[in-house]
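Structure first, commentary second.
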Amino acid sequence: MPRSQRRRPTLIHPEPNEFDVLDILHALSDPTRMTIVQTLRAAPERACGTFPVDVAPSTLTHHFRVLREAGVIRQREDGNRRWTALRGEDLETRFPHLLDAIVTAYESGLAPPR
């Protein structure tokens, strides 16, 4: 089958009531995935190839899958581009203040000691 006729696999997006705190903690335990989350907190939606990370495209796809399947991000396809957005409201509804606490702790760990 020609590449142009192949369909991409269906994207898995759990419902908020299916979110598991351990899956979310695992998804946020990687510096590359935290960079993706921080970037999305500053911009509501981004094309997948525009994140400021230095990893191979296949590795970036893996990171997106981990975040998506945990419920941290939502992705949509538009033509040949895939757009990514943070599921901030869903996360806040299911686990109030969890994302803020994790991002704050992560960012404070990046700051040089005084």
Side-chain angles (χ1 to χ4, degrees):
M1 178 180 300
R3 183 172 175 81
S4 63
Q5 294 178 353
R6 292 184 197 155
R7 296 195 65 119
R8 288 183 170 181
T10 302
L11 299 175
I12 296 170
H13 296 99
E15 293 298 321
N17 65 340
E18 298 172 320
F19 292 177
D20 182 282
V21 71
L22 295 179
D23 291 340
I24 292 168
L25 292 173
H26 167 73
L28 298 175
S29 68
D30 181 271
T32 298
R33 293 193 288 265
M34 285 302 297
T35 298
I36 292 168
V37 168
Q38 289 174 303
T39 302
L40 290 171
R41 284 169 61 98
E45 188 176 51
R46 275 183 94 108
C48 288
T50 65
F51 286 84
V53 295
D54 188 24
V55 296
S58 60
T59 303
L60 186 57
T61 297
H62 165 75
H63 288 304
F64 285 136
R65 183 182 55 79
V66 170
L67 289 166
R68 187 180 63 246
E69 291 180 359
V72 177
I73 63 171
R74 179 171 299 283
Q75 292 185 301
R76 67 177 180 86
E77 296 193 17
D78 182 21
N80 64 350
R81 296 197 94 168
R82 186 172 282 176
W83 293 84
T84 304
L86 188 65
R87 294 182 70 179
E89 288 182 26
D90 290 340
L91 288 165
E92 186 64 22
T93 298
R94 179 76 167 108
F95 299 112
H97 311 294
L98 177 67
L99 186 60
D100 287 338
I102 293 169
V103 170
T104 299
Y106 178 75
E107 290 173 347
S108 70
L110 295 177
R114 291 182 180 212

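- Minimum interatomic distance between R68 and P14 (heavy atoms only, all atoms of both residues): O-CD, 3.4 Å.
- Between the side chain of R82 and the backbone N or O of C48 there is no donor-acceptor pair closer than 3.5 Å.
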Atom pairs and distances, donor-acceptor, side-chain atoms in residues 18-29, under 3.5 Å, two or more places apart:
unit_1 : atom_1 : unit_2 : atom_2 : d
E18    : OE1    : E15    : N      : 2.7
D20    : OD1    : L22    : N      : 2.8
D20    : OD1    : D23    : N      : 3.2
S29    : OG     : H26    : O      : 2.6

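- Among the candidates H63, H62, E69, the single residue satisfying the side chain to side chain contact (heavy atoms under 4.5 Å, CB included) test with V66 is H62.
- The side-chain hydrogen bond (donor to acceptor under 3.5 Å, both in side chains) test with T84 is passed by exactly one of R46, R74, Q75: Q75.
- Residues W83 and L60 do not share a hydrophobic cluster, defined by chaining ILVMFWY side chains whose heavy atoms lie under 4.5 Å apart.
- Note that the CD1 atom of I73 and the CG atom of D90 stand 13.0 Å from one another [nearest 0.5 Å].
- Enclosure of atom CG in D54 is not indicated, since only 12 or fewer non-hydrogen atoms of other residues, nucleotides or ligands lie within 6.0 angstrom.
- Of all heavy-atom pairs spanning R87 and G71, the tightest one is CD-O, 3.3 Å.
- V37 and L11 are members of different hydrophobic clusters when ILVMFWY side chains are connected at heavy-atom separations under 4.5 Å.
- Under a hydrophobic clustering in which Ile, Leu, Val, Met, Phe, Trp and Tyr are joined whenever their side-chain heavy atoms come within less than 4.5 Å, directly or via other members, M34 and L40 fall into the same cluster.
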Show every donor-acceptor pair shorter than 3.5 Å between a side-chain atom in residues 97-104 and any protein atom, with sequence neighbours excluded, or say none if there are none.
unit_1 : atom_1 : unit_2 : atom_2 : d
D100   : OD1    : R41    : NH1    : 3.0
D100   : OD1    : R41    : NH2    : 3.2
T104   : OG1    : D100   : O      : 2.8

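- Listed by chain and number, the residues in a ring pair (Phe, Tyr, Trp, His ring centres under 6.0 Å) with F51 are F64 (sequence neighbours excluded).
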